[in-house]
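Below is one structure. I have some questions about it.
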Amino acid sequence: VNKQPTNLAAVLRSRDSDEPELSSPFRLVQTTASNAQIDGLTVRLPVYSVGPPPRTVAERRARFLGSLAASFRVSSLIEDALPAGVRNEMHIEVVDVTGGAALPLYDSHPALHSPRPTEAFLREIRYGGRVWQVSMHPASHPATTFTWAESVLWPGLLASVLLALLVGSIATTRRRALELGWRMSHRYR
């Protein structure tokens, strides 16, 4: 972790906040190709010594034992969450815009570099200290008029639901881990 500054920053933010934190994108250690995408990220959860939940930053720092992590290739995670039909018909881009810098995470059609049409679906997702901007629009140039069936509303809603489910799953993992740890600590007392 000390050799991965973005990963270490997530550990420290998680320690101080007692909340799940996402790292900014970095090249995962498991990736061996030198030209591999920088699309790895970790979700970090703090681990504290036994006792009631620490209430202050000073108490969290004093009782901090370590950090649980789950690492992901975010481009694969997003691609697997989107149905093939949506990926084929829509140009979907996800960019980490935390702090104003745009770090691309996913692009369903990297060769498509047309200007974003005015009817594009845009949404910001905030989780774990990061801000992701999701952009969706038809992969082909749409006609000047379109029906609701041709609208980006339906795929946009679907993508929002899928990303919300992903974030919900990550968030509830922490709660389940804490409950399991509490049960285990009380079982063996």
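All heavy atoms count here, side chains included; hydrogens, waters and symmetry mates do not. Nothing here was measured: the structure is a model prediction, and the numbers come from that model. When a residue number appears, it is its place in the shown sequence, counting from 1.
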- Message: So which atom in Leu22 and which in Arg13 form the shortest heavy-atom distance, rounded to 0.1 Å?
- Response: O-NH2, 2.5 Å
- side chain to side chain contact (heavy atoms under 4.5 Å, CB included) evaluation trace for Trp132 with Val74: CA-CA 12 Å; Trp132 291 0; Val74 72; 3.5 Å; yes
- Which atom of Leu103 lies closest to which atom of Pro25, heavy atoms considered: CD1-CD, 3.7 Å
- Taken to the nearest 0.5 Å, the spacing of Arg15 CZ from Leu45 CG works out to 15.0 Å
- What's the verdict on side chain to side chain contact (heavy atoms under 4.5 Å, CB included) for Ser75 and Glu79, showing C-alpha distance, side-chain angles and the deciding distance? CA-CA 6 Å; Ser75 61; Glu79 183 151 324; over 6 Å; no
- side chain to side chain contact (heavy atoms under 4.5 Å, CB included) assessment of Arg61 paired with Asp16: CA-CA 7 Å; Arg61 287 179 179 179; Asp16 290 351; 2.7 Å; yes
- Message: Under the salt bridge (charged side-chain N to carboxylate O under 4.0 Å, His left out) definition, can you give me all pairs with a residue in residues 48-58, not counting sequence neighbours?
- Response: none
- Message: Would you say Thr42 and Asn7 are linked by a side-chain donor-acceptor pair, where the criterion is simply a distance under 3.5 Å?
- Response: yes
- Query: Is the shortest distance from a Lys or Arg side-chain nitrogen in Glu124 or Arg126 to a carboxylate oxygen in the other one below 4.0 Å?
  - Reply: yes
- Note on the structure: Of all heavy-atom pairs linking Met90 and Ser108, the shortest is O-OG, 3.1 Å
- Message: Assigning hydrophobic clusters by single linkage (Ile, Leu, Val, Met, Phe, Trp, Tyr; side-chain heavy-atom cutoff under 4.5 Å), is Leu105 placed with Val131?
- Response: no
- Query: In Å and rounded to the nearest 0.5 Å, what is the OG to CZ distance from Ser23 to Phe72?
  - Reply: 10.5 Å
- Give the cluster check for Val95 versus Ile92: same hydrophobic cluster or not, with ILVMFWY residues linked at side-chain heavy-atom distances below 4.5 Å. no
- Item | Nearest-0.5 Å distance, CG of residue Leu41 to CG of residue Leu77 | 7.5 Å
- Message: Could you report the tightest heavy-atom contact between Ser67 and Arg44, atom names first, then the distance?
- Response: OG-CD, 3.1 Å
- Task: Just do the side-chain hydrogen bond (donor to acceptor under 3.5 Å, both in side chains) check on Asn88 and His109 with the steps written out, would you?
- Result: CA-CA 8 Å; Asn88 294 335; His109 298 280; 5.8 Å; no
- Can you find a heavy atom in the side chain of Pro20 that is under 4.5 Å from one in the side chain of Tyr127? yes
- Message: Could you measure the distance from the CZ atom of Arg63 to the OH atom of Tyr48? Nearest 0.5 Å is fine.
- Response: 9.0 Å
- Query: Salt bridge between Arg130 and Asp96, side-chain N to carboxylate O under 4.0 Å?
  - Reply: yes
- Task: Mind checking the CG-CZ spacing from Asp18 to Phe64? Nearest 0.5 Å is all I need.
- Result: 10.5 Å
- Item | side chain to side chain contact (heavy atoms under 4.5 Å, CB included) between Tyr106 and Val134, intermediate numbers included | CA-CA 9 Å; Tyr106 177 77; Val134 179; over 6 Å; no
- Query: So how far is it from Leu65 CG to Ser49 OG, rounded to the nearest 0.5 Å?
  - Reply: 5.5 Å
- Give a yes or no on this: more than 12 heavy atoms of other residues, nucleotides or ligands lie within 6.0 Å of atom CD of Glu89. no
- When every non-hydrogen atom of Pro5 is compared with those of Lys3, the smallest separation belongs to CD-O, 3.6 Å
